[in-house]
Asks: 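Dumping the structure here so I can ask a few things about it.
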Amino acid sequence: AYRYISEAPTANRESGVYEAGQTVRVKLAAAGDIYYTTDGSAPTEESTPYTGAITVDKTTVLRAAAVEEGGAPSRALTLSFFIGEEHTLPVLSLVTDSPRRFSETYNGAVKYRECAANLSLLAPEGGFSIDCGVELKGRTSLFNPKKSGQDYISTVFRNELMQELCAELDTTVTQRSRYCVLYINGEYWGIYCLKDDITRQFYANLTGTAKEDVTMLPSPVAQNTAVYTEALGLWRDTSLTRREAYERFCEAMDMDGFIDWVLLEGYCANVDIKSNLRYFRTGDEPWQIAFYDLDWAFQTRSNCFFNLIGSEQTAQIAPTIRWLFGIDDF
């Protein structure tokens with residue numbers, strides 16, 4: 001067994017974006033021997049030994065680890081240098097410990113297979129660098145050449161446009177997003193949009209509550225879950241009068257947010273709401289619906305509101321909305 005973990009190397013330069021023609025001399029220091037790579041892979045004792053300052057004159061990902069006598073190899077120091085690329089968007093650098101494993105995962109559309117990585121954001125106002133895991137999500141978009149999101153082959157901004165409109169309202173729950181230029185292991189991969197993941201932690205951050213108090217349910221939900229028995233399934237409860245069922249629905253659902261959700265979902269003609277809904281609440285508070293995955297919005301004007309109230313719509317929430325549209329008070 002090792003007695004300790006070696007300390008990671010330090011460098012005289014940080015990750016950065018540089019103009020064409022500039023060169024960067026990177027000096028590394030550590031208590032033990034230093035090994036480095038420039039292909040994104042995690043450095044080991046089989047990698048190139050560091051013997052002196054490294055000159056970088058083109059876009060390069062530099063990773064270095066130290067090995068002290070009697071110690072386990074350190075975590076990798078990851079530096080990303082972008083030279084002469086002339087991007088006007090922030091740069092997001094994803095560096096994977098095993099480029100081969102990541103390539104097999106990405107090209108093979110392998111879902112939920114985590115790859116060890118480092119993620120760095122370089123933006124004018126600052127950024128971050130963090131070791132992390134990366135995995136693929138989604139369904140049909142997994143098999144697109146560019147992942148994820150079907151809209152990347154057309155406008156590239158349907159989802160982001162609609163979420164920006166949603167964000168103008170203080171009643172709605174939606175993802176924040178930011179466009180960036182993505183590099184993976186030092187290779188340009190195009191324009192992507194960095195956005196919040198829809199999780200319990202996301203909702204806790206949004207509402208200023210604890211993650212442990214948040215309930216999140218993905219659609220379609222089972223008929224014995226709280227959001228269905230308290231709200232979505234009331235339209236079929238024969239033990240209640242129509243008025244009683246509607247009053248209970250109004251108590252269980254955040255109605256201002258729900259009405260805005262109906263208006264905005266209908267307006268953008270999102271045809272993909274069968275499973276792309278997330279229901280949230282804190283404790284016993286009313287339920288809210290998050291705007292989520294709107295890549296199929298604005299497909300055609302003839303679909304406006306059909307996605308919600310059309311007689312052929314098979315989304316789980318559609319019968320509830322058709323029932324509500326038959327109630328004058330709603």
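Positions are given from 1, in the same order as the sequence printed here.
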Asks: Please determine whether the number of non-hydrogen atoms from other residues, nucleotides or ligands lying under 6.0 Å from atom CZ of Arg75 exceeds 12.
Replies: no
Asks: Between Asp237 and Arg248, does any side-chain N to carboxylate O distance fall below 4.0 Å?
Replies: no
Asks: Would Phe291 and Val227 show up in the same hydrophobic cluster when neighbours are defined by side-chain heavy atoms closer than 4.5 Å?
Replies: yes
Asks: Are more than 12 heavy atoms, taken from residues, nucleotides or ligands other than Ile191, located less than 6.0 Å from that residue's CD1 atom?
Replies: no
Asks: Hey, is CD on Glu14 packed in by over 12 heavy atoms from elsewhere, all under 6.0 Å?
Replies: no
Asks: Of Ile321, Asn270, Ile317, which meets side-chain contact (heavy atoms from CB on, under 4.5 Å) against Glu265?
Replies: Asn270
Asks: Please indicate whether Asn107 has more than 12 foreign heavy atoms, meaning atoms of other residues, nucleotides or ligands, lying under 6.0 Å from its CG.
Replies: yes
Asks: Phe81 and Ser15: which non-hydrogen atoms are nearest, and at how many Å?
Replies: CE2-CA, 4.3 Å
Asks: For Glu85 and Tyr183, test the side chains for any donor-to-acceptor distance below 3.5 angstrom and give the result as yes or no.
Replies: yes
Asks: Verify whether one side chain among Thr171 and Asp256 offers a donor that lies under 3.5 Å from an acceptor in the other.
Replies: no
Asks: Please determine whether the number of non-hydrogen atoms from other residues, nucleotides or ligands lying under 6.0 Å from atom CD of Glu7 exceeds 12.
Replies: no
Asks: So, Arg63 and Asp97, do they make that salt bridge, N to O below 4.0 Å?
Replies: yes
Asks: Around atom NZ of Lys111, are there more than 12 heavy atoms of other residues, nucleotides or ligands at under 6.0 Å?
Replies: yes
Asks: Can Thr174 and Thr172 be counted as having a side-chain donor-acceptor contact under 3.5 angstrom?
Replies: no
Asks: Before giving the answer on salt bridge (Lys or Arg N to Asp or Glu O under 4.0 Å), spell out for Asp254 and Arg281 the whole-Å C-alpha distance, their side-chain angles and the decisive distance to 0.1 Å.
Replies: CA-CA 9 Å; Asp254 178 340; Arg281 77 170 171 187; over 6 Å; no
Asks: Angle class for the Tyr246/Phe330 ring planes (parallel below 30°, perpendicular above 60°, tilted otherwise)?
Replies: perpendicular
Asks: Is the OH atom of Tyr188 crowded by more than 12 outside heavy atoms at less than 6.0 Å?
Replies: yes
Asks: What are the two closest non-hydrogen atoms of Ala252 and Ala231, and how far apart are they?
Replies: CB-CB, 4.1 Å
Asks: What are the two closest heavy atoms between Trp287 and Ala226, and how far apart are they?
Replies: CZ2-CB, 3.8 Å
Asks: What are the two closest non-hydrogen atoms of Pro9 and Ala30, and how far apart are they?
Replies: CA-CB, 4.0 Å
Asks: Does Tyr228 share a hydrophobic cluster with Met216, counting links as ILVMFWY side-chain heavy atoms below 4.5 Å and allowing steps through other members?
Replies: no
Asks: Side-chain heavy atoms nearer than 4.5 Å, only ILVMFWY residues, links allowed to pass through others: does that put Ile130 and Ile184 together?
Replies: yes
Asks: Count the heavy atoms of every other residue, nucleotide or ligand shown that sit under 6.0 Å from CD of Glu312, and state whether that count exceeds 12.
Replies: no
Asks: Check whether Leu28 and Val56 end up in the same hydrophobic cluster, where Ile, Leu, Val, Met, Phe, Trp and Tyr are linked by side-chain heavy atoms less than 4.5 Å apart.
Replies: yes
Asks: Starting from Ile273, can I reach Phe306 by hopping between I/L/V/M/F/W/Y residues whose side chains sit under 4.5 Å apart?
Replies: no
Asks: Measure up the Phe102 and Tyr106 rings against each other and bin them: parallel (under 30°), tilted (30 to 60°), perpendicular (over 60°).
Replies: tilted
Asks: Please determine whether side chain to side chain donor-acceptor pair (under 3.5 Å) holds for the pair Ser120 and Asn118, giving the CA-CA distance in whole Å, both sets of side-chain angles, and the decisive distance to 0.1 Å.
Replies: CA-CA 7 Å; Ser120 300; Asn118 176 275; 3.1 Å; yes
